[in-house]
Novice: 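There's a structure below that I have some questions on.
On a predicted model such as this, the values are computed, not experimentally measured, just so you know.
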Amino acid sequence: MKTLYITFLLLCLSISTYSQETTDSTDIYYKHLRLGEVIVTGLTGDSRLRDMPMPVNTISETELQSTSSTNIIDAISRQPGVSQITTGGAISKPVIRGLGYNRVAVINDGIRQEGQQWGDEHGIEVDGQSVGSVEIQKGPASLMYGSDAMAGVVILHPHRILPLGKMSVNLITGYQTNNGLFDYSADFAGNKRCIVWDGRWSHRLAHAYQNSRDGYVPGSQFSEHAASGLIGLNRRWGHTHLKLSYFHLQPSIVDGERDATTGRLIPHSDNVKTYSRTLPFQRINHYKAVLDNAFHLSPDGTLKVLLGYQQNQRKEFEESADEPGLHFLLHTLTYDVRYQHTTSNQWQLAAGIQGMYQRSLNKGDEYLIPAYRLFDIGGFATASKRLGKWVVTGGLRLDNRSLHSEELEDDDTIRFSDFRRNMTGLSGSIGTVFNITEQLNLRANLSRGFRAPNMSELGSNGEHEGTGRYEVGNHDLCPEHSWQADLGLDLSSRYVSAQLSLFANRINNYIFLHRTPEVIDPDCPTYRYDAGNARLLGFEAAVDLHPIHSLHFGNTFSYVDARQLGQPEESRYLPFTPAPRWTSELKYEITHHGAVFNNAYVALSLECYLRQNHFYMAGGTETATPSYTLFNLSAGTDIKCRKRKICSLHLSLQNLFDRAYQSHLSRLKYIGTNPVTGEQGICDMGRNLSIRLIVPII
């Protein structure tokens, strides 16, 4: 892998000799290639991407609309350094540089998305149609978002508020052939007399997916619907917006049961392509209310106040479709108050407090984690200053988390004990960007992250039907602390854009789940939480060549080596470490200003995953994953009539050659064994044609 480091470094450096300065400021087509045009969420407020010391990826609305996916995390998982832990098509969890679960914070509608993300098969309860753009910050973001942002943060930005006097009605619909996925979303938004509003309804459902090795996979069907509404006031003094949303997901659970004679998966109903639920299944309801306020107290100072309430109901049905076994009810109150100010000598300053209160209850007759109360509070201060070609940014934050587990007696035994934990963590960051030229930037950043253990890691004690294992927590776990160094180089020019990001991360008290030989429940293996020290090294490299106006040839490579320190070979590597990945796309843009077809394109791409030999083998927790390559085709266009866009059409053919494969981060990789072939687990989705239509009614 040292050779890969050197090769990509030399490649990105050598490309700079071919760069040419873009002098035409009206060249709209190349604006997206220039870092100075992109605005992202910085430590002291909105900042230009070229001034950010840490690596950031952005995904535009157009990119999201043209991407074939089954959920919002699936849509962003092809970004360099980003992966996903999957359980079929409905459930995906983000992974950034080899770290996932409660180490990645997801921000939606301006607040932390809190939906019991400690579970393997607990996804992100967000309607992908309500997301306007995505921002991915890689590396410890504890300074901005507190505990649970040690690996980074995924910011799901809503669609932009329309300009004053405008209204719009949009209809989006799509279909996927592999799992019969059908979805639609209708939206009505406007801005009249400073009153802004936005209302949306979305619905999505799919039957079981299929692949060339397993056929149809019973239990992989799901249904989803969501509703959201925004009403607010925009004035010169600032704004106040109230947003209400509801998200419902009902996925069945793949159990991997096979016929002993044929080895085929046993269907849960007479119709393997049913859209209806089958046992076992989950039912998740997520309610959210957010009050977003911004007050311009002076020409250079803004006070922002965000208050949020979330209720997450998670039910898991095993034996009966009417009575859940596990039933979690989580209430979350979040608050974020910050003041941002720019001084007369161009210092950008920000300070504030953030936190949340949680109350979790057990409503079912089976138990996995205890009921608990949690209170978080954190205070932070950040500063940024441009000094000629240098931009220096940094800050400090202090967090405190109080956690109280409630005692539970089950069958005359103490299932969960009463205990309290009080944990404090200091986070910080210092970084700089050197603008070598208008097109070339050098970045360096050093950050310290903090993460308090969650209740699952501290107090779980029970069988988790969704994972097929008995999980046991550890009251003595300490908070995780990390030090991460980032070094990056960015090039953005008319003919070439390139990025190289190197990182080294050391984590003390890294918490992980591993299999043990003990038997608590004879029907499932036992897993316990433990901790040790870890270090992660890796890089992401991206090069996009566009020698002519209409042709793009893009390549990315991601690699992470995640190890536990002082461990024998069988437990040397961290669980769920993504395989090295190379992606490549050749895209030809046919026309941008046609009379009927506008922004038309065709593209051929591949995703190559190298063999993953670095896995946590102790107790059979993980196995190696062979390499595989997937080929994809895509095309799209806007269609106009009388100089007005009447619709946008996107086509995508994924896994062109119907390759049977297993992602190293797929949990179905370990579900059951074929009694005829001896092959373990279930493969991912086979060939899939996706059709997407976007119709602007108004």
Novice: Going by ring-ring contact (aromatic ring centres under 6.0 Å, His included), Phe328 matches just one of Tyr372, Trp118, Tyr367. Which one?
Specialist: Trp118

Novice: Using distance alone, with no hydrogens and no angle criterion, decide if Lys288 and Gln113 have a side-chain donor and acceptor under 3.5 Å apart.
Specialist: yes

Novice: Once rounded to the nearest 0.5 Å, what's the spacing between atom CG of Asn178 and atom OH of Tyr209?
Specialist: 9.0 Å

Novice: Go through the side-chain N and O atoms of Thr278 and Gln221 and say whether any donor and acceptor fall under 3.5 Å apart.
Specialist: yes

Novice: I'd like to know whether His225 forms a side chain to side chain contact (heavy atoms under 4.5 Å, CB included) with Asp127, so could you lay out the CA-CA distance, the side-chain angles of the two residues, the decisive distance to 0.1 Å, and finally the verdict.
Specialist: CA-CA 8 Å; His225 57 259; Asp127 174 21; over 6 Å; no

Novice: Roughly how far, to the nearest 0.5 Å, is CD of Gln84 from CG of Asn71?
Specialist: 6.5 Å

Novice: Is it the case that Gln654 and Ser652 place a side-chain donor and acceptor less than 3.5 Å from each other?
Specialist: yes

Novice: Taking atom types as modelled, is there a side-chain donor on Thr393 or Ser384 under 3.5 Å from an acceptor on the other?
Specialist: yes

Novice: With under 30° as parallel and over 60° as perpendicular, where do the rings of Tyr184 and His203 fit, or are they tilted in between?
Specialist: perpendicular

Novice: Is it true that the side chains of Gln354 and Arg397 contain a donor and an acceptor less than 3.5 Å apart?
Specialist: yes

Novice: Kindly compute the distance separating CG (Leu307) from CG (Leu242), expressed to the nearest 0.5 Å.
Specialist: 11.0 Å

Novice: How long is the straight-line distance from CD1 of Ile507 back to CG of Leu99, given to the nearest 0.5 Å?
Specialist: 4.5 Å

Novice: Salt-bridge test for Asp198 and Arg200: reply yes if a basic N is under 4.0 Å from a carboxylate O, no otherwise.
Specialist: no

Novice: Can Glu121 and Gln282 be said to form a side chain to side chain contact (heavy atoms under 4.5 Å, CB included), step by step?
Specialist: CA-CA 10 Å; Glu121 84 295 7; Gln282 299 177 354; 2.9 Å; yes

Novice: For Asp120 and Tyr101, does a side-chain donor sit closer than 3.5 Å to a side-chain acceptor?
Specialist: yes

Novice: For Ser202 and Ser185, does a side-chain donor sit closer than 3.5 Å to a side-chain acceptor?
Specialist: yes

Novice: Can you tell me how far CZ of Arg314 sits from CD1 of Ile284, rounded to the nearest 0.5 angstrom?
Specialist: 4.5 Å

Novice: Side chains of Arg448 and His481 only: does a donor on one sit below 3.5 Å from an acceptor on the other?
Specialist: yes

Novice: Hydrogens and angles aside, do Asp418 and His404 bring a side-chain donor and acceptor to less than 3.5 Å of each other?
Specialist: yes

Novice: Keeping Ser460 on the side-chain end and Glu457 on the backbone end, is there a donor-acceptor pair under 3.5 Å?
Specialist: no

Novice: Verify the distance criterion only: is there a donor paired with an acceptor across the side chains of Glu114 and Asn312 at less than 3.5 Å?
Specialist: no

Novice: Can you find a side-chain donor-acceptor pair between Gln129 and Asp183 that sits under 3.5 Å?
Specialist: yes

Novice: To the closest 0.5 Å, what do you measure between CG (Leu244) and CG (Leu291)?
Specialist: 10.0 Å

Novice: Using the side chain to side chain contact (heavy atoms under 4.5 Å, CB included) rule, take Leu279 and Glu318 through it: C-alpha gap first, then chi angles, then the decisive distance, then the call.
Specialist: CA-CA 6 Å; Leu279 288 170; Glu318 304 161 18; over 6 Å; no

Novice: Do Arg415 side-chain atoms and Asn461 backbone N/O form a donor-acceptor pair below 3.5 Å?
Specialist: yes

Novice: Would one find more than 12 heavy atoms of other residues, nucleotides or ligands at under 6.0 Å from atom CD of Glu407?
Specialist: yes

Novice: Would you please say whether a donor-acceptor pair under 3.5 Å links the side chains of Gln65 and His650?
Specialist: no

Novice: Between Ser69 (side chain only) and Asp74 (backbone N and O only), is there a donor and an acceptor less than 3.5 Å apart?
Specialist: no

Novice: For the residue pair Phe380 and Leu143, what are the closest heavy atoms and their distance?
Specialist: CB-O, 4.0 Å

Novice: Whether the Thr58 and Glu135 side chains hold a donor-acceptor pair (N or O, under 3.5 Å, no angle test) is what I'd like checked.
Specialist: no

